[in-house]
Amino acid sequence: MINLQKIILSAFMGLSLTACQTTYNPSETLYDRLGGDSGVTAIVSGTLDYTLKDDRIAHTFENSNVERVETLLIEQICDLTGGPCEYSGQTMERSHRGLELTSLHFNALVENMQKAMNDNDVDFSSQNDLLAILAPMHRDVVTK
Amino acid sequence: MTGGVTQVEGAGGAGLTPWATITGYGTENSYGANVFYTEAQTRNFTLRSTGAAVGIKNRLELSYAHQEFDTGDTGPVLGLRQGYKFKQDIIGAKLRITGDAVYDQDSWVPQIAVGAQYKKASDEGLLTALGAKDDDGIDIYASATKVMLDKNLIVGATLRGTKANQLGLLGFGGDANDDYQIEFEGSVAYMVSRKVVIGADYRTKPNNLSFAEEQDAKAAYIAYFPNKHVSFTAAYADLGDVALQGKQDGLYGSIQLGF
Ligand code: HEM
């Protein structure tokens, strides 16, 4: 029993140490941590690949120009994470109006993005930093 | 995005305290549910808790838990029979009032919920002999919970009005005090990865029985989510002194299945 306690406690300490070691160079933007242009492009195209094979949400893209969404989403993420871009698309409220999206759809897209970020070896903290930027868009994207 | 675990009284939350989140992966148009089993082995006692909860449209959570506090070999020391078990049933309801712990990342406003837990303990005669005033009681609470994605943190605080002695296992109210007390519960969790969370909970408790002082409870845990439907929690918990048998600390394990 005592030994087990020690093992669990040392597991905690080990984890909190690794947690503390994830410090970033302050001049590095989230954009850099996502892998810059090639990283963000790969994340977005991976997200859309998973999404178009995902029964929960593939249908929402049926009448859309997926290439346009891909280009604009890359540009938007680049813009929001400190990269050298300026988003030129429509507002989130406008572009998702009429799609009748629910939180289930939203969460499914987020899951696909997490998978794509894992595929691209984005560390967990940077993944959450990106999700923290996207999460409030739930308000505009989800209407149902 | 983030599934919690079930607290010891059946509500969605961390080990010892509720979170303001509604249990399961349900959303405003769907349902979530889970079942759990928790066992804590302290120096003299074993606490088992098992139950289920449903989350309805990310608004209302209904839960049931059954707890057994097994006195094991310490039973006879307390003048009870070997392996005597204090038991209670807990029916809970939690209503989300405002906010979204996960989506509202651009504001400090937490998700807020209020809840109630009706608890009914076994063996009224014995509880009365120990000084308790009632064998049943209602806890009411308000919880605030925030996920801070950019810090990989989840923080929660709960204020609870309660008369429960040792969560209610030793009845409600007592010879030393029979008024509702406001107790504080706090919890912090750090998300190490998508599958591993470490955290700690703290919970204050009333002190209603003159025969045995009650202390605050604390727990530190590691929870593993191999997939969205299963989680395992291992913890070190310290429930404080229980029934004059000194500090009751030990290991705690919990398994949860849900969707
Ligand atoms: C934070 C989450 C989201 C972001 C940042 C985002 C971003 C974008 C962007 C930049 C566009 C293009 C806007 C334009 O055409 O000017 C777009 C369009 C679109 N998005 Fe999203 N989106 C999100 C969530 C979702 C979700 C959850 C779904 C469905 C599951 C979805 C489905 C679509 C569809 C179908 C279009 C094309 C609409 C059309 O044809 O005009 N989006 N999104």
Side-chain angles (χ1 to χ4, degrees), chain A residues 1-24 30 33 56 80-81 100-115 117-118 122-144, chain B residues 1-3 22 25-32 41-43 57-59 99-107 109 146-154 188-200 219-224 227-228 233-238 249-253 259:
Chain A
M1 180 96 151
I2 293 298
N3 277 332
L4 259 174
Q5 285 179 13
K6 274 200 187 132
I7 291 166
I8 291 202
L9 287 176
S10 44
F12 272 118
M13 284 158 54
L15 284 166
S16 12
L17 281 179
T18 33
C20 295
Q21 278 157 9
T22 346
T23 45
Y24 305 112
L30 175 56
R33 287 189 272 131
R56 297 171 297 178
L80 294 173
T81 57
E100 307 209 313
L101 300 178
T102 66
S103 292
L104 283 177
H105 298 134
F106 190 90
N107 295 349
L109 188 87
V110 167
E111 263 177 55
N112 294 339
M113 187 173 280
Q114 287 175 311
K115 278 202 257 175
M117 289 193 284
N118 282 338
V122 177
D123 68 279
F124 181 67
S125 266
S126 302
Q127 293 192 17
N128 283 343
D129 287 342
L130 178 58
L131 297 183
I133 293 172
L134 301 183
M137 297 179 185
H138 178 271
R139 233 172 271 143
D140 296 325
V141 168
V142 171
T143 52
K144 211 173 166 214
Chain B
M1 290 209 258
T2 333
I22 299 301
Y25 286 95
T27 65
E28 61 275 12
N29 306 305
S30 70
Y31 302 85
Q41 296 268 356
T42 70
R43 195 150 300 170
K57 295 179 177 282
N58 195 30
R59 177 61 67 185
D100 189 292
V102 180
Y103 298 132
D104 297 343
Q105 292 299 308
D106 52 348
S107 101
V109 179
K146 188 79 190 172
V147 177
M148 296 190 255
L149 275 177
D150 61 348
K151 300 191 174 58
N152 305 318
L153 279 180
I154 307 169
V188 182
Y190 180 82
M191 297 177 279
V192 178
S193 74
R194 270 183 86 183
K195 296 188 171 170
V196 178
V197 172
I198 55 175
Y221 59 87
I222 176 162
Y224 174 54
N227 60 53
K228 274 170 67 172
T233 306
Y236 166 78
D238 174 2
D249 61 343
L251 289 176
Y252 157 142
F259 67 91

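Each chain gets a letter, A, B and so on, in the order its sequence line appears, and its residues count up from 1.
- Put simply, CE on B/Met148 and CG on A/Asn128 are 12.5 Å apart, with the number rounded to the nearest 0.5 Å.
- When every heavy atom of B/Asn152 is checked against every heavy atom of A/Ser125, the shortest pair comes out as ND2-OG, 2.6 Å.
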Just do the side-chain contact (heavy atoms from CB on, under 4.5 Å) check on A/Leu134 and B/Gln105 with the steps written out, would you?
-> CA-CA 9 Å; A/Leu134 301 183; B/Gln105 292 299 308; over 6 Å; no
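- Only the side chain of B/Lys228 comes within contact range of chain A, with heavy atoms under 4.5 Å apart.
- For the pair B/Asp150 and A/Ala132, the tightest heavy-atom approach, listed with the atom from each and the gap, is N-CB, 4.1 Å.
- Ring orientation note: the planes of B/Tyr103 and A/Phe106 are nearly perpendicular, at an angle over 60° on the 30°/60° scale.
- Your options are A/Met137, A/Glu111, A/His138, and the one with the most heavy-atom pairs under 4.5 Å with chain B is A/His138.
- Scanning all heavy atoms of the two residues, the minimum distance from B/Glu28 to A/Lys144 falls at OE2-O, 3.5 Å.
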